[in-house]
Amino acid sequence: MATPLKKSDPTKKDETVTEENNADSIDFANGEIIQSSDALQRHLSSRQIQLIAIGGSIGAALFVSIGYGLMQGAGSLLIAFSIYSCILALVNNSMAEMCIFMPVSASFVQHGSVWVDSAWGFMAGWNFFLFEALLVPFEITALDLILTFWRDDIPAAAVISACIFFYAITNVLAINYFGEAEFWLAGGKLLLIIILFLFTFITMVGGNPQRHAYGFRNWSKPSPFVEYLATGDLGRFEGFLAALWQACFTIVGPEYLATVAGEAQQPRKTLKKAFKSVYWRFGVFFIGVALCVGIVLPANDPTLSSVLSGGKGSGTGGASPFVIAMVNMKIEVLPHIVNALLCTSTYSAGNAYVYCATRSLYSLAQTGQAPKFLRKTSKNGIPIYCLAIVLGFACLAYLKLSSGSVKVLTMLTDLVTGGELVTYIVMCVNYLFFYRALKAQGFDRRELPYRGYFQPYGTWIAVIFLALVEIFYGYSVFFKGHWDIGTFFSYYTMVFLAICTFSCWKIIKRTRFVSPDKADLVWERPVIDRYEAMMLHDDVGMRRKFMQKLGLYSQRIRWSRSSQA
């Protein structure tokens, strides 16, 4: 018979927490906690976490780079985005169960170290840090490309420098101000998506200057499934694969919630809502945008091909397929509004990536897997040295000055995609070890604060699919006439780094995989349980004081007593 999952008594002092940590852990006045394992403060509210997750998952990839997928055909794009959204939903299902159970900073990194192998966590942390840090120059470069809609002669160096400066200012401020800034920036993305959905529907039924109800006609221009590399059915299948690779780069989400878990107020309650919202976000945002972009613009649009191939005329139609479609329809004001929102959305995504990369590097330092000086935080809980290193990665955007935006975007896309796939594989492996530990130690999963569906089968499906994508992602470079050493390393560098970091740490530290019966399933739970109990008590006290001020509390007691009588 399964043993119920043990829960810590929040009214009792945890002997594993020192008096110093215990004294500094809870701030009753502000409703905040500083975890015993680090110095990050729990400032982020539920609404801020929701919008930060949107800010990290929706950026230039969804509005600009999606054009690469569209060039393979609207049908290929929609099917690829739908399939990959389902796979990441399975990953999210696994990550939610672990993260809500143990909401620590950079959750999947620490989960890997404690439940799998410290070498596994070392690899996961450095992989996540690197691909998040590389996303920062990607967003800056994309922003510079978006600005070409208005002018081709805007100094790229000035744009890059301004972005880095404002990222520094935003992230140096206290985390509660960062959350508020990201909340409003991410709100602009929601507005942008609503505008694009309305634009698609209204124009496809005839609400455009030409009064042309074009419906789904663009799907057949030149074909819903465009040939790529080869001809015939094989070429159309390879076109689908190219769209799938674009989906792997564009569709993200669970990792950002896992990253902010250590700074969430009432983490289990807040994260449960946030992880559940990921499912509809996949369906509405990613699949919805993939459907709309195939409706408003044909795959063989000449402006789209010119912009994404780095040709001339990139300033005539912007970088987004939606902006190109608006210009084609001779709509005058809306393209400027949408392009302006694209600028704020791209900046917001880069801002979120700076945050996530900084916290990932800080988590590595906390676990002894990065230099100790990176543990230094400001009075507001900002890992200042980690932030400085991430901003150094942002300077890679200056490569655009010599190589061009499209070439830099392509290189960064390949590197980031490889890193993202490794991260999701890590999450799946973490869950399989976590599930095995629960079973070995007799813990009943029904007692978990959140229980994922169809486990562990869904995780096995996801990890096998992701591993195959990781292996075949750069298959085209091996074709005759396609070999290029730089392209090969852009596809597989993150995989090689993952293998090297795991192997080196395992050999140097002589680590071992964690036995399921010895996996630490207590860990930070006593501190988190006590904090949440105190927050709940504080919430009740605040409501009681508010009712007393209104003269309702005593009346409510009288009603309760009279009903009992």
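- Tyr228 has its side chain out of reach of Met71: every pair of non-hydrogen atoms, C-beta onward, lies at least 4.5 Å apart.
- Between Val429 and Val426 the shortest side-chain heavy-atom distance does not fall below 4.5 Å.
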- Let me see the working for Phe81 and Val293 under side chain to side chain contact (heavy atoms under 4.5 Å, CB included), right down to the final yes or no. CA-CA 12 Å; Phe81 270 57; Val293 76; over 6 Å; no
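- Checked by atom type and distance alone, the side chain of Asn208 pairs as donor or acceptor with a backbone atom of Thr203 at under 3.5 Å.
- The aromatic rings of His111 and Trp115 lie parallel to each other, their planes meeting at an angle below 30°, with 60° marking the opposite boundary.
- Under the 6.0 Å distance and 45° angle rule, Arg217 does not count as a cation-pi partner of Tyr214.
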- Task: Mind running ring pair (Phe, Tyr, Trp, His ring centres under 6.0 Å) on Phe434 and Phe101 for me, showing each step along the way?
- Result: CA-CA 11 Å; Phe434 171 69; Phe101 172 71; 5.5 Å; yes
- Could you walk me through whether Trp126 and Phe129 pass ring pair (Phe, Tyr, Trp, His ring centres under 6.0 Å), step by step? CA-CA 5 Å; Trp126 280 103; Phe129 162 70; 5.7 Å; yes
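- Under the 4.5 Å side-chain criterion, counting only non-hydrogen atoms from C-beta, Phe63 is in contact with Ile193.
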- Could you go step by step and tell me if Trp280 and Phe285 meet the ring pair (Phe, Tyr, Trp, His ring centres under 6.0 Å) rule? CA-CA 8 Å; Trp280 65 259; Phe285 293 167; 5.6 Å; yes
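- Partner of Phe249 under the ring pair (Phe, Tyr, Trp, His ring centres under 6.0 Å) criterion, chosen from Tyr68, Tyr473, Phe138: Phe138.
- Under a 3.5 Å cut-off, the side chain of Gln110 and the backbone N or O of Val104 do not form any donor-acceptor pair.
- Residues Leu147 and Cys343 form a side-chain contact, since some pair of their non-hydrogen atoms from C-beta on lies under 4.5 Å apart.
- In terms of heavy-atom proximity, Asn339 sits nearest to Phe149 at ND2-CB, 3.3 Å.
- Between Met95 and Tyr431, every side-chain heavy-atom pair lies at or beyond the 4.5 Å cut-off.
- A donor-acceptor contact shorter than 3.5 Å is absent between the side chain of Ser360 and the backbone of Ala357.
- Using cut-offs of 30° and 60° for the angle between ring planes, the Phe282 and Phe286 rings count as tilted.
- Distance CE/Met98 to CG/Leu438: 10.5 Å, rounded to 0.5 Å.
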- Task: For Val226 and Ser76, run side chain to side chain contact (heavy atoms under 4.5 Å, CB included): C-alpha distance rounded to whole Å, both residues' side-chain angles, the deciding distance at 0.1 Å, then the answer.
- Result: CA-CA 8 Å; Val226 177; Ser76 294; over 6 Å; no
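- Taking every heavy atom of both residues into account, Thr346 and Ala142 meet most closely at CG2-CB, 4.3 Å.
- Closest approach of Trp219 to Gly75, counting heavy atoms only: CZ3-CA, 3.8 Å.
- Here the side chain of Ser305 pairs a donor or acceptor atom with the backbone of Asp301 at under 3.5 angstrom.
- Here the closest heavy-atom approach between residue Ser476 and residue Leu229 is recorded as CB-CD1, 3.7 Å.
- Separation of atoms SG (Cys248) and CG (Leu466) is listed at 7.5 Å; rounding is to 0.5 Å.
- At a cut-off of 3.5 Å, with distance as the only test, a side-chain donor of Asn430 or Trp120 sits close to an acceptor on the other residue.
- Side-chain atoms of Lys189 come within 3.5 Å of backbone atoms of Ser345 as a donor-acceptor pair (strictly under, hydrogens ignored).
- At least one donor-acceptor pair under 3.5 Å links the side chain of Thr413 to the backbone N or O of Leu409.
- A donor-acceptor pair is defined here as one N or O able to donate and one able to accept, closer than 3.5 Å; no such pair exists between the side chain of Asn351 and the backbone of Thr170.
- Of the possible polar contacts, one joining the Glu255 side chain to the Gly253 backbone as a donor-acceptor pair under 3.5 Å is found.
- Below 30°, between 30° and 60°, or above 60°: for Tyr84 and Phe465 the angle between ring planes is between 30° and 60°, a tilted geometry.
- Here the side chain of Tyr450 pairs no donor or acceptor atom with the backbone of Leu271 at under 3.5 angstrom.
- Cys292 and Thr200 make their closest contact through CB-OG1, 3.4 Å (heavy atoms, listed as atom of the first residue, atom of the second, distance).
- Distance check: Asn92 CG to Leu88 CG gives 8.5 Å after rounding to the nearest 0.5 Å.
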- Task: Decide yes or no on side chain to side chain contact (heavy atoms under 4.5 Å, CB included) for Cys99 and Leu257, but give the supporting numbers first.
- Result: CA-CA 9 Å; Cys99 192; Leu257 293 176; over 6 Å; no
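- Counting only heavy atoms from C-beta outward, the side chains of Cys428 and Val91 approach each other to under 4.5 Å.
- Proximity of Ser320 to Ile146: side-chain heavy atoms (C-beta onward) are nowhere separated by under 4.5 Å.
- The number of heavy atoms from other shown groups lying within 6.0 Å of OH (Tyr475) is above 12.
- For the pair Thr423/Met494, no side-chain contact is recorded, criterion being any heavy-atom separation below 4.5 Å from C-beta on.
- For Phe131 and Phe128, the ring centers sit closer than 6.0 Å to each other.
- The closest donor-acceptor contact from the side chain of Tyr492 to the backbone of Ile471 lies under 3.5 Å.
- The OG1 atom of Thr358 sits 6.0 Å away from atom CG of Asn171, with the distance rounded to the nearest 0.5 Å.
- When all heavy atoms of Gly232 and Glu227 are compared, the pair lying nearest together is N-OE2, 3.0 Å.
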- Message: Walk me through whether Phe240 and Ile83 qualify under side chain to side chain contact (heavy atoms under 4.5 Å, CB included).
- Response: CA-CA 11 Å; Phe240 162 75; Ile83 291 176; 4.0 Å; yes
